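Working notes for the structure below.
Keep in mind the model is a prediction, meaning the values are calculated, not measured.
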Amino acid sequence: MQKWFEDAKLGIFIHYGIYAVDGVAESWSFYNGRMTYDDYMKQLDGFTASQFNAEAWADLIEQSGAKYAVLTTKHHDGVALWDTQYSDLNTVKSTPAHRDIVREYSDAITAKGLKLGLYYSLIDWSHPDYPSVYEGGKVPEDKASVNKYSYPVNGIQDEAKWSQFLEFNNHQLEELLTGYGQVDLLWFDGDWERSAEQWNLPAFKHYLKSLQPDVIINSRLAGHGDYKTPEQGLPITRPEGPWEFCTTINTSWGYVPTDQHYKSLHQIVRMFCDCISMGGNMLLGIGPREDGNIDDRQEAILLGLGKWIRAHEEAVYGTREGIMSRYYGEGSTLSADRKTLYLFVHGDPKGSICLKGLCNKIKKASVLHSGKELTYEIHGGVPWFQIPGTTWIHLTHEDTHELTTVVKLEFDEEVEMYGGSGAVVTHN
């Protein structure tokens with residue numbers, strides 16, 4: 001795992017494609033029968049990208065506080081956002097836009113010093129060779145339940161066609177990994193429709209690494225990825241190893257104008273704090289309109305999140321997961337040297353916040369965004385059994401940030417927390 005990824009904390013996930021023309025769900029609209037394939041593909045004629053400005057995207061992403069971005073170069077519908085030589089189904093050849101979106105995006109992101117991420121769907125529901133085999137090679141008993149975009153409907157498998165499709169994927173990925181500079185992250189999707197053996201793993205991953213040795217790959221590679229990607233449901237238990245929580249600003253990945261169910265800025269900040277408290281990143285999704293503009297509500301959330309991060313950046317970038325929630329329930333992070341503890345306060349405290357199990361002596365307590373020093377008191381504890389008391393840090397409404405407040409605790413030594421079950425005191 002590259003160190004930059006674990007230090008970055010925030011990325012922006014951009015779902016951009018022809019599905020924004022009619023404002024329908026990306027790819028799944030025709031796959032699940034909500035509209036015909038032909039009607040879905042008619043959106044090619046309306047994709048103009050007339051206001052698409054990659055530099056403006058990159059500037060907004062930088063202002064959001066994100067350190068990397070991931071663009072859907074090709075979703076399950078098979079429509080590529082770059083000038084691929086292996087299919088005419090792309091935004092250069094088959095839409096009025098006639099633009100290599102990936103080229104403009106990658107140039108702008110790299111120029112801003114952000115890490116470049118590319119999403120690529122392993123499955124392609126438009127490619128004639130894709131629905132040639134079944135997952136694991138096992139023919140289902142009920143062929144009537146088979147979706148024609150994924151599998152053969154007649155029960156007959158064609159391994160030669162499947163090999164041709166794998167070669168097609170290899171060619172397109174070679175274009176992406178050799179024609180757009182340093183690619184820092186590959187974000188795969190769709191691995192569930194085939195087995196690891198059918199995806200030719202681990203040889204496939206070795207091939208990708210031969211093209212970009214430092215690229216990191218998400219978990220959607222049939223068990224061969226570099227980090228975990230829980231989606232939409234915020235983890236309750238910390239995933240093992242490096243991880244990233246991907247979620248939407250409203251409920252849709254792409255631009256759906258009828259989707260008014262937006263998360264508030266306060267909710268986004270809290271979710272972000274929950275992620276970094278458990279040592280993960282948040283990959284926050286936006287869906288640009290067909291013309292390339294980003295909805296004002298989405299832009300406002302990104303700008304608001306960035307403003308909060310800039311006021312608290314030392315509690316964010318380069319930190320490590322905080323103390324366990326049994327000590328402090330609202331989340332925290334630790335500095336790399338573990339001598340500074342940052343406590344997140346999401347609500348309006350009733351005069352103080354409670355920290356349990358702290359063994360260290362506090363050198364200084366303060367509010368991060370204002371620098372105001374705070375007082376505190378310790379109640380209880382059994383020092384001759386090395387059992388600490390409960391620390392109460394005085395914090396009033398006047399001290400708080402309008403979104404989430406960060407209390408900074410500084411120590412001379414690395415933070416040490418008591419994990420025992422107490423003791424019966426028999427001699428006082």
Side-chain angles (χ1 to χ4, degrees), residues 17-19 26-33 35-44 72-94 102 118-179 186-211 217 220-225:
I18 66 168
Y19 37 86
E26 60 290 338
S27 306
W28 295 99
S29 298
F30 70 82
Y31 185 85
N32 290 331
M35 64 192 307
T36 67
Y37 178 83
D38 288 343
D39 283 346
Y40 182 92
M41 285 300 170
K42 284 178 183 177
Q43 294 177 105
L44 287 164
T72 51
T73 67
K74 189 184 78 168
H75 207 268
H76 314 325
D77 57 16
V79 181
L81 269 63
W82 77 98
D83 191 13
T84 177
Q85 301 307 299
Y86 297 94
S87 169
D88 287 342
L89 198 54
N90 66 70
T91 54
V92 178
K93 297 184 180 75
S94 298
V102 176
L118 303 179
Y119 167 111
Y120 181 87
S121 173
L122 290 167
I123 62 183
D124 188 329
W125 292 328
S126 289
H127 198 287
D129 291 335
Y130 180 73
S132 53
V133 294
Y134 300 97
E135 181 184 0
K138 185 178 180 182
V139 180
E141 292 184 9
D142 181 14
K143 298 180 188 63
S145 65
V146 168
N147 191 304
K148 65 179 181 179
Y149 298 110
S150 295
Y151 308 111
V153 294
N154 58 6
I156 301 173
Q157 301 190 78
D158 190 330
E159 295 291 344
K161 282 189 174 183
W162 179 246
S163 294
Q164 288 175 187
F165 178 75
L166 291 181
E167 195 65 22
F168 167 76
N169 268 1
N170 285 349
H171 284 315
Q172 285 202 325
L173 285 162
E174 182 181 14
E175 289 178 324
L176 291 172
L177 292 175
T178 60
L186 266 179
W187 214 100
F188 284 123
D189 203 7
D191 63 332
W192 64 83
E193 287 200 340
R194 300 290 188 267
S195 67
E197 183 180 8
Q198 287 172 315
W199 289 124
N200 194 29
L201 289 163
F204 177 48
K205 185 175 181 180
H206 295 157
Y207 167 71
L208 300 171
K209 291 281 191 177
S210 74
L211 301 174
I217 300 172
R220 303 182 187 198
L221 198 61
H224 291 266

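Using bins of under 30°, 30° to 60° and over 60° for the plane-to-plane angle, the ring pair Tyr149/Tyr31 lands in the tilted bin. Between Phe188 and Phe204, the two ring planes are tilted [angle within 30° to 60°].
Using a 3.5 Å distance cut-off with no hydrogens or angles, the side chains of Asp77 and Tyr40 do pair a donor with an acceptor. Side-chain N/O atoms of Trp82 and Glu175 include a donor and acceptor closer than 3.5 Å. Side-chain contact check for Gln172 and Tyr120: at least one donor-acceptor pair (N or O, by modelled atom type) lies under 3.5 Å. Between the side chains of Thr36 and Asp39, a donor-acceptor pair is found at a separation under 3.5 Å.
Gln157 contributes a side-chain N or O that, together with a main-chain N or O of Tyr134, makes up a donor-acceptor pair within less than 3.5 Å. Without hydrogens or angle criteria, Glu135 side chain to Glu193 main chain gives no donor-acceptor distance under 3.5 Å. The backbone N or O of Ala203 sits nowhere less than 3.5 Å from a side-chain atom of Asn200 that would complete a donor-acceptor pair. A distance-only check finds no donor-acceptor pair linking the side chain of Thr72 to the backbone of Tyr119 [under 3.5 Å]. Side-chain N or O atoms of Ser121 include none that pairs as donor or acceptor with a backbone N or O of Lys74 at under 3.5 Å. Counting only distance, with no hydrogens or angles, the side chain of Ser150 and the backbone of Asn147 share no donor-acceptor pair below 3.5 Å.
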- Evaluation steps, side-chain contact (heavy atoms from CB on, under 4.5 Å), between Leu166 and Asp129: CA-CA 9 Å; Leu166 291 181; Asp129 291 335; over 6 Å; no
- Task: Before giving the answer on side-chain contact (heavy atoms from CB on, under 4.5 Å), spell out for Thr84 and His171 the whole-Å C-alpha distance, their side-chain angles and the decisive distance to 0.1 Å.
- Result: CA-CA 9 Å; Thr84 177; His171 284 315; over 6 Å; no
- Task: Check the pair His127, Leu89 against side-chain contact (heavy atoms from CB on, under 4.5 Å), reporting the backbone distance first and the verdict last.
- Result: CA-CA 10 Å; His127 198 287; Leu89 198 54; over 6 Å; no
- Tell me, with the steps shown, if Lys205 and Trp199 meet side-chain contact (heavy atoms from CB on, under 4.5 Å). CA-CA 10 Å; Lys205 185 175 181 180; Trp199 289 124; over 6 Å; no
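Taking each heavy atom of Gly155 and Val139 in turn, the nearest pair found is O-CG2, 3.8 Å. Across every non-hydrogen atom of Asp124 and Phe168, the tightest pair is OD2-CE2, 3.7 Å.
In this structure, OH in Tyr151 is found 5.5 Å from CZ in Arg194, a value given to the nearest 0.5 Å.
With salt bridges taken as basic N to acidic carboxylate O contacts below 4.0 Å, none links Asp191 and Arg220.
Taking a 6.0 Å sphere around NZ of Lys209, one finds it holds more than 12 heavy atoms contributed by other residues, nucleotides or ligands.
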